[in-house]
There are 2 protein chains.
Amino acid sequence: MVPARLLDVAVERFGESGFEGASTREIARASGTAMSSITYHFGGKEGLYLAAAEHIAGKIAERQAGPLAAAQAAAEGPRDKAVAALVGLLDGFAQMMLRAESAPWARFIMREQQTPTEAFERLWAKGMKPVADTFIRLVARARPDFGDKEARATALLLFGQAMILRGGRASACKLLEVETLDDDTGALLRARLRANALCILSETQR
Amino acid sequence: MVPARLLDVAVERFGESGFEGASTREIARASGTAMSSITYHFGGKEGLYLAAAEHIAGKIAERQAGPLAAAQAAAEGPRDKAVAALVGLLDGFAQMMLRAESAPWARFIMREQQTPTEAFERLWAKGMKPVADTFIRLVARARPDFGDKEARATALLLFGQAMILRGGRASACKLLEVETLDDDTGALLRARLRANALCILSETQR
DNA sequence: GTCTATACTACGATAGAC
DNA sequence: GTCTATCGTAGTATAGAC
């Protein structure tokens with residue numbers, strides 16, 4: 001049996017210090033197991049890294065399954081329902097980015113974005129692609145005047161607004177003149193994000 | 001004299017592998033100097049890291065000085081001029097995020113966002129704050145119906161749309177179904193970003 | 001000021017006891 | 001399966017030649 005804590009600690013340490021910076025010794029110690037168990041279960045540091053990526057992807061897939069199914073249904077319905085579903089999905093994503101629990105695995109993903117490895121392929125395929133596909137479909141439904149590329153670009157930019165809440169956390173705090181993104185500030189940000197999304201998606205067709 | 005290449009290489013290596021992951025040996029070797037020159041000039045690895053952060057901040061400040069002065073003037077003028085200036089500034093920022101040259105220092109900053117250290121303080125104060133302040137002032141001018149917090153939140157979310165072009169590069173490529181963000185794709189993204197910003201900033205006041 | 005040489009610590013991997 | 005012990009390598013820092 002793989003020690004339960006090993007993967008959680010691995011995600012945290014790899015996210016914090018990067019692949020080269022994290023040490024299997026410390027991960028093992030913090031997991032309450034021997035370093036050689038990493039070799040045994042994962043074949044080495046690289047194997048552990050990949051397993052950590054899949055661990056994250058699994059958690060995301062698990063958590064998004066419900067909201068995603070509901071949103072997907074809305075992509076077939078009327079336009080305003082699709083807009084509402086998209087705004088709700090984005091808001092949920094923003095909420096996740098605001099929660100402290102997202103920090104460890106978000107750090108991991110952010111690193112992979114900068115210099116993608118095989119780990120990103122697994123993160124994408126298992127955790128991120130399902131969300132992205134639904135997102136794109138909803139944008140396409142909300143803005144039938146858009147071509148495929150434009151819908152994809154818009155989905156990305158909408159994502160960006162939520163992602164900066166985690167990936168640009170330090171700047172966000174400075175910009176908003178707060179020490180941490182507390183609940184009040186988070187609510188304000190989410191309200192603005194919803195308004196922005198609504199505005200972008202409902203723009204009168206020219 | 002500090003070897004000219006040392007700081008550039010340091011930014012690249014620290015950005016690529018993080019503080020713990022990067023090695024002073026390799027930085028020194030790639031800079032064509034001895035490892036001990038790092039100790040001499042910067043007191044050690046940590047000193048080099050801080051110097052690299054200030055190096056980045058200086059480059060940003062230098063590059064943004066011109067556009068910023070022009071945009072600042074617009075913040076005093078009529079509302080539609082402020083909107084145009086803001087959209088232009090954001091587009092320039094997006095263009096920078098799209099260019100390959102931004103990768104090394106953007107990686108460095110992204111890392112600092114996740115787990116800020118003293119280096120982030122210097123990055124912010126010298127490089128990022130001037131841009132952010134101008135941005136906020138322009139948003140406030142464009143949307144006089146906003147309170148201060150709302151203007152700041154909106155500025156952040158606008159930033160997010162540009163930042164994801166670099167900070168979420170891997171996802172962007174997957175989502176847009178391209179190998180790299182070439183000029184055509186970049187132009188499409190910038191066009192959508194401008195449209196989104198225009199829509200958010202010009203929304204009819206209720 | 002810039003180099004070489006070296007001291008010391010921590011790394012990942014592996015072998016082998018249990 | 002999980003542990004301890006150990007190997008070889010690479011890390012930062014420092015002392016001292018020039």
Side-chain angles (χ1 to χ4, degrees), chain A residues 1-56 58 104 107-108 111-112 114-120 122, chain B residues 1-56 58 104 107-108 111-112 114-120 122:
Chain A
M1 244 316 263
V2 175
R5 289 210 45 196
L6 229 177
L7 284 174
D8 284 325
V9 173
V11 168
E12 190 189 307
R13 296 303 307 137
F14 282 130
E16 183 90 21
S17 307
F19 178 77
E20 293 108 323
S23 98
T24 54
R25 271 190 154 90
E26 189 183 327
I27 292 170
R29 189 173 44 72
S31 311
T33 183
M35 194 182 50
S36 52
S37 75
I38 290 173
T39 312
Y40 180 77
H41 288 293
F42 306 105
K45 190 182 191 180
E46 199 151 351
L48 177 62
Y49 187 76
L50 289 175
E54 293 198 336
H55 185 60
I56 291 172
R107 272 196 273 263
F108 190 108
R111 270 174 203 274
E112 274 298 319
Q114 306 293 318
T115 41
T117 69
E118 166 66 21
F120 182 75
R122 308 201 186 183
Chain B
M1 245 314 268
V2 176
R5 286 211 47 192
L6 229 177
L7 284 173
D8 285 325
V9 173
V11 168
E12 189 187 308
R13 295 304 306 137
F14 281 129
E16 183 89 21
S17 306
F19 178 77
E20 293 108 322
S23 99
T24 54
R25 267 194 161 93
E26 189 183 328
I27 292 170
R29 190 174 43 71
S31 311
T33 184
M35 195 183 50
S36 52
S37 74
I38 291 172
T39 312
Y40 180 76
H41 288 293
F42 306 104
K45 191 181 191 180
E46 198 152 350
L48 177 61
Y49 186 76
L50 289 175
E54 293 198 337
H55 185 59
I56 292 172
R107 270 196 274 263
F108 190 108
R111 271 175 202 274
E112 275 296 320
Q114 306 292 317
T115 41
T117 67
E118 165 66 21
F120 181 74
R122 308 201 186 184

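Residue numbering restarts at 1 for every chain, and letters A, B, ... go by the order of the sequence lines. The basis for the numbers below is simple: all heavy atoms, side chains too, and nothing from hydrogens, waters or symmetry mates.
- Between the side chain of E112(A) and the backbone N or O of T117(A), at least one donor-acceptor pair lies under 3.5 Å.
- For H55(B), the side chain to side chain contact (heavy atoms under 4.5 Å, CB included) test picks out L7(B), D8(B), V11(B), K59(B), with sequence neighbours left out.
- With sequence neighbours excluded, the residues forming a ring pair (Phe, Tyr, Trp, His ring centres under 6.0 Å) with Y49(A) are F14(A), F19(A), F108(A), listed by chain and number.
- Annotation: salt bridge (Lys or Arg N to Asp or Glu O under 4.0 Å) contacts of E12(B) (sequence neighbours excluded): none.
- For the segment residues 17-43 of chain A, the set of residues with a heavy atom within less than 4.0 Å of an atom of DNA chain C comprises A22(A), S23(A), T24(A), R25(A), M35(A), S36(A), T39(A), in numerical order.
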Would you be so kind as to tabulate the donor-acceptor pairs closer than 3.5 Å made by side chains of residues 30-39 of chain B, with sequence neighbours excluded?
{"unit_1": "S31(B)", "atom_1": "OG", "unit_2": "I27(B)", "atom_2": "O", "d": "2.5"}
{"unit_1": "T33(B)", "atom_1": "OG1", "unit_2": "S37(B)", "atom_2": "OG", "d": "3.1"}
{"unit_1": "S37(B)", "atom_1": "OG", "unit_2": "A34(B)", "atom_2": "O", "d": "2.8"}

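- Looking at residues two or more places apart in sequence or on another chain, you find a side chain to side chain donor-acceptor pair (under 3.5 Å) between E118(B) and R122(B).
- Rounded to whole Å, the distance from NZ on K45(A) to P on dT14(C) is 14 Å.
- Shown here are the side chain to side chain donor-acceptor pair (under 3.5 Å) partners of S17(B), two or more places apart in sequence or in another chain: E20(A), R13(B).
- When DNA chain D is scanned 5' to 3' for any atom under 4.0 Å from a heavy atom of chain A, the first and last hits are dG1(D) to dT4(D).
- The list of ring pair (Phe, Tyr, Trp, His ring centres under 6.0 Å) pairs with a residue in residues 21-42 of chain A, not counting sequence neighbours, is empty.
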